[in-house]
Amino acid sequence: EVSRIINNMERDLWNQLEDTVQKFFPKLAGAGWTQSDVEQKAKEIRAKNSYSAGVSMAYLLQDFVDLAQQKSQRVDPTFLQLKECFWLGEDKIGQDLFCPRDGKLGCALVDLLPPQDRKRQ
């Protein structure tokens, strides 16, 4: 029963559904889990999801092109030019969000994407 609940929680966290921890706490509390236990498990799942996520080809061919051109102000920027405007400039991608991998401020591009633009690796 607990493994089924955890699998459902993993699915909801992958799909970035709101209030996932609050939704699953009552279900896991019946098995002796504390709120802290559920929050820790969710943190571990989010980190695992981040490590296993990749950017979809559809995103790369559509939205990423627009983002790259907008941020770089170039029609055909190189990855070195994107490095500067994406991660080293004033308005870094993900700078205001916490990373699910290390919990620090600043996350990877893949962590910003909605579920339809991320794929499991």
Novice: With rounding to the nearest 0.5 Å, note down the distance linking CG in N8 to CZ in F24.
Specialist: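 Rounded to the nearest 0.5 Å, the CG-CZ separation comes out at 5.0 Å.
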Novice: Quick check: does any side chain N or O of D37 sit under 3.5 Å from a backbone N or O of T34, one acting as donor and the other as acceptor?
Specialist: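 The answer is yes, because a donor-acceptor pair under 3.5 Å joins these two groups.
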Novice: Are K27 and E1 within salt-bridge range, i.e. N to O under 4.0 Å?
Specialist: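 No.
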Novice: Quick check for you: to the nearest 0.5 Å, what is the distance between F86 atom CZ and Q95 atom CD?
Specialist: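 It is 13.5 Å, given to the nearest 0.5 Å.
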Novice: Please output the side-chain donor-acceptor pairs of residues 13-20 that fall under 3.5 Å, not counting sequence neighbours, one pair per line with the distance.
Specialist:
unit_1	atom_1	unit_2	atom_2	d
N15	ND2	R11	O	3.1
Q16	NE2	L113	O	3.2
T20	OG1	L17	O	2.7

Novice: Can you tell if the side chain of K41 reaches within under 4.5 Å of the side chain of I6, non-hydrogen atoms only?
Specialist: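 A side-chain contact exists here, since the closest heavy-atom pair is under 4.5 Å.
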Novice: W87, F79: one ILVMFWY side-chain cluster at the under-4.5 Å cut-off?
Specialist: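 Yes; tracing contacts between hydrophobic side chains, which count when under 4.5 Å, links both residues.
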Novice: Looking at residues at least two apart in the chain, or sitting in another chain, which of them share a ring pair (Phe, Tyr, Trp, His ring centres under 6.0 Å) with F25?
Specialist: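 Not a single residue meets the ring pair (Phe, Tyr, Trp, His ring centres under 6.0 Å) criterion with F25.
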Novice: Applying salt bridge (Lys or Arg N to Asp or Glu O under 4.0 Å) as the test, list every pair that has at least one member in residues 73-100; sequence neighbours left out.
Specialist: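 Residue pairs passing salt bridge (Lys or Arg N to Asp or Glu O under 4.0 Å), neighbours aside: K71-D91.
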Novice: Hey, what do you get for CD (E10) to OG (S3), rounding to the nearest 0.5 Å?
Specialist: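 The CD atom of E10 sits 10.0 Å away from the OG atom of S3.
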Novice: State plainly whether one hydrophobic cluster holds both L112 and I45, where clusters connect Ile, Leu, Val, Met, Phe, Trp and Tyr through side-chain heavy atoms under 4.5 angstrom apart.
Specialist: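 No, it is not one cluster - the side chains of L112 and I45 are not joined through contacts under 4.5 Å.
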Novice: Starting from F98 and following side-chain heavy-atom contacts under 4.5 Å between hydrophobic residues (I, L, V, M, F, W, Y), which residues can be reached?
Specialist: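 The other cluster members (ILVMFWY side chains, heavy atoms under 4.5 Å, direct or chained) are L105.
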Novice: Out of curiosity, T78 OG1 to Q81 CD, how far, rounded to the nearest 0.5 Å?
Specialist: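 Spacing of OG1 (T78) from CD (Q81) equals 3.5 Å.
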Novice: Under the salt bridge (Lys or Arg N to Asp or Glu O under 4.0 Å) rule, collect the residues that match up with R120, sequence neighbours excluded.
Specialist: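 If we apply the salt bridge (Lys or Arg N to Asp or Glu O under 4.0 Å) test to R120, skipping adjacent residues, there are no hits.
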Novice: From Q35 CD over to L28 CG, what is the distance, rounded to the nearest 0.5 angstrom?
Specialist: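 Reported value, rounded in 0.5 Å steps: 10.5 Å.
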Novice: Tabulate below the donor-acceptor pairs under 3.5 Å that side-chain atoms of residues 56-70 make, not counting sequence neighbours, or state none.
Specialist:
unit_1	atom_1	unit_2	atom_2	d
S56	OG	Y59	N	3.1
S56	OG	D117	O	3.4
Q69	NE2	V75	O	2.8

Novice: Give the minimum heavy-atom separation between V21 and E39, together with the two atoms involved.
Specialist: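 It is CG1-CG, 3.8 Å.
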Novice: Tell me if a side-chain donor or acceptor on R101 pairs with a main-chain N or O of S50 at a distance below 3.5 Å.
Specialist: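 Checked: pair present.
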Novice: Between V38 and M9, is any pair of side-chain heavy atoms under 4.5 Å apart?
Specialist: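 In short, these two side chains touch, coming nearer than 4.5 Å.
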